[in-house]
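Each remark here refers to the structure printed beneath this line.
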Amino acid sequence: MKLVIAVIQDKDSGKLLENLVDEGFKTTKLASTGGFLKSGNTTVLIGVEDHQTSEVVEIIKKVCKSREKMVTTMSPIGGSVESYVPYPVEVVVGGATIFVIDVDQFERV
Amino acid sequence: MKLVIAVIQDKDSGKLLENLVDEGFKTTKLASTGGFLKSGNTTVLIGVEDHQTSEVVEIIKKVCKSREKMVTTMSPIGGSVESYVPYPVEVVVGGATIFVIDVDQFERV
Amino acid sequence: MKLVIAVIQDKDSGKLLENLVDEGFKTTKLASTGGFLKSGNTTVLIGVEDHQTSEVVEIIKKVCKSREKMVTTMSPIGGSVESYVPYPVEVVVGGATIFVIDVDQFERV
Ligand code: NI
Ligand code: NI
Ligand code: NI
């Protein structure tokens, strides 16, 4: 058995858990904050058979991969606080830090 | 040293911590939710000497073992929302997922 | 890679994270309570290269070391609830429980 500990962004956690459950994996979500990634993190524990490790890591990578996203923001023009125009900005979202740890003994009761 | 990570039901956590403390074990409770078990989970960390691992695992199994329990529920009879009768239903409560992990280095300061 | 899991007192967590970030370490804070130390704990996860383990452990020891502290308390004198005098008391604060665990596989995406 391996224990996969993944620190991901909150906003990716719903989709990640859905993808993992669809493939039959059991997960536990821990509340967590800041650090490895920007604030608003979730730590997820997933217990897997050794041969399933790469499948779980691939699912996390696919769902949580750090990617650029265009968001529309509003900004004052020419210093005047009265003239705002919407304009697109590229931000980086997502990202995951994944630790795979060997499990000596595993029990479900 | 081993680190025992146990994901248990919230409602079993008070009794489990009491049993572990009685036997001299030190524990840390992490907030957690859903996944391995039904929602309302607690994750407990317990650092133990190698030879104490089976004692801790046995305590967790004894306290948190998944078991059937009769609960009384109310339900409409014959489709009429006005005629409810209390009746007993068997539900499964408890359960634990336990990971035992080898610890390279342990320090208490 | 190693995963350092440190259970520390809440009041030491700001200073610890600052010291770790200053040295370039990435951390995740988990909410936790009671057990290893008095209530009001924080669990911190730090992923490190093998050769950095002792540096991280030393930082945790330095910041979180259990130490005596004088606090001023008020107490009734001679049983009369009307005569309080401030007087100094020595209390133990801080402390940390540190687990270093070997990581099979580490990914950042
Ligand atoms: Ni294994
Ligand atoms: Ni050991
Ligand atoms: Ni290593």
Side-chain angles (χ1 to χ4, degrees), chain A residues 1-10 12-13 15-16 19 28-68 92-105, chain C residues 1-36 39-50 52-53 55-56 59-60 63-64 96-109:
Chain A
M1 284 293 295
K2 302 287 181 189
L3 175 62
V4 179
I5 302 177
V7 183
I8 63 167
Q9 281 206 341
D10 283 348
D12 289 334
S13 75
K15 193 175 171 193
L16 177 61
N19 273 261
T28 292
K29 242 174 77 172
L30 305 177
S32 62
T33 59
F36 280 125
L37 304 166
K38 274 144 256 126
S39 67
N41 289 341
T42 295
T43 298
V44 182
L45 305 182
I46 313 141
V48 295
E49 299 296 329
D50 291 26
H51 69 274
Q52 298 172 312
T53 306
S54 59
E55 187 187 347
V56 163
V57 169
E58 288 313 309
I59 292 173
I60 300 170
K61 284 183 175 179
K62 189 189 67 185
V63 174
C64 305
K65 199 162 75 173
S66 161
R67 66 259 178 203
E68 284 168 352
V92 176
V93 296
T97 300
I98 307 167
F99 301 96
V100 179
I101 288 165
D102 195 53
V103 174
D104 270 13
Q105 190 186 341
Chain C
M1 286 292 295
K2 302 286 180 190
L3 175 62
V4 179
I5 303 178
V7 183
I8 63 168
Q9 281 207 341
D10 283 348
K11 64 183 59 154
D12 289 335
S13 76
K15 194 175 172 193
L16 177 61
L17 295 190
E18 202 186 295
N19 273 262
L20 290 170
V21 168
D22 278 357
E23 300 303 319
F25 296 110
K26 306 225 167 106
T27 64
T28 292
K29 244 174 76 173
L30 305 178
S32 63
T33 60
F36 280 125
S39 68
N41 289 341
T42 295
T43 298
V44 182
L45 305 183
I46 312 141
V48 296
E49 298 296 329
D50 290 26
Q52 297 172 313
T53 307
E55 187 187 347
V56 163
I59 292 173
I60 300 170
V63 174
C64 304
T97 301
I98 308 167
F99 301 96
V100 180
I101 288 166
D102 195 52
V103 174
D104 270 14
Q105 189 185 341
F106 174 77
E107 307 268 350
R108 188 167 289 149
V109 294

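Per chain, numbering begins at 1; letters A, B, ... match sequence-line order.
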C:Asp102 versus A:Ile101, closest heavy-atom pair with distance: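 Between these two residues, the closest heavy atoms are O-CG1, 3.9 Å.
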Taking all non-hydrogen atoms of both residues into account, name the closest pair between A:Thr97 and C:Arg108 and its distance.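 Heavy atoms only, the tightest pair is OG1-NE, 3.6 Å.
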Gap between atom [atom2] of [Y] and atom [atom1] of [X] - 0.5 Å precision:
{"X": "A:Thr43", "Y": "C:Leu30", "atom1": "OG1", "atom2": "CG", "result": "5.0 Å"}
{"X": "A:Ile8", "Y": "C:Thr28", "atom1": "CD1", "atom2": "OG1", "result": "11.5 Å"}
{"X": "C:Ile5", "Y": "A:Phe99", "atom1": "CD1", "atom2": "CZ", "result": "9.5 Å"}

For A:Thr53, check side chain to side chain contact (heavy atoms under 4.5 Å, CB included) against everything at least two apart and list the hits.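 A:Lys2, A:Val48, A:Val57, A:Val100, C:Gln105.
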Return the set of residues passing salt bridge (charged side-chain N to carboxylate O under 4.0 Å, His left out) with C:Glu107 (not counting sequence neighbours), or none when no residue passes.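 Checked C:Glu107 against salt bridge (charged side-chain N to carboxylate O under 4.0 Å, His left out); matches are A:Lys61.
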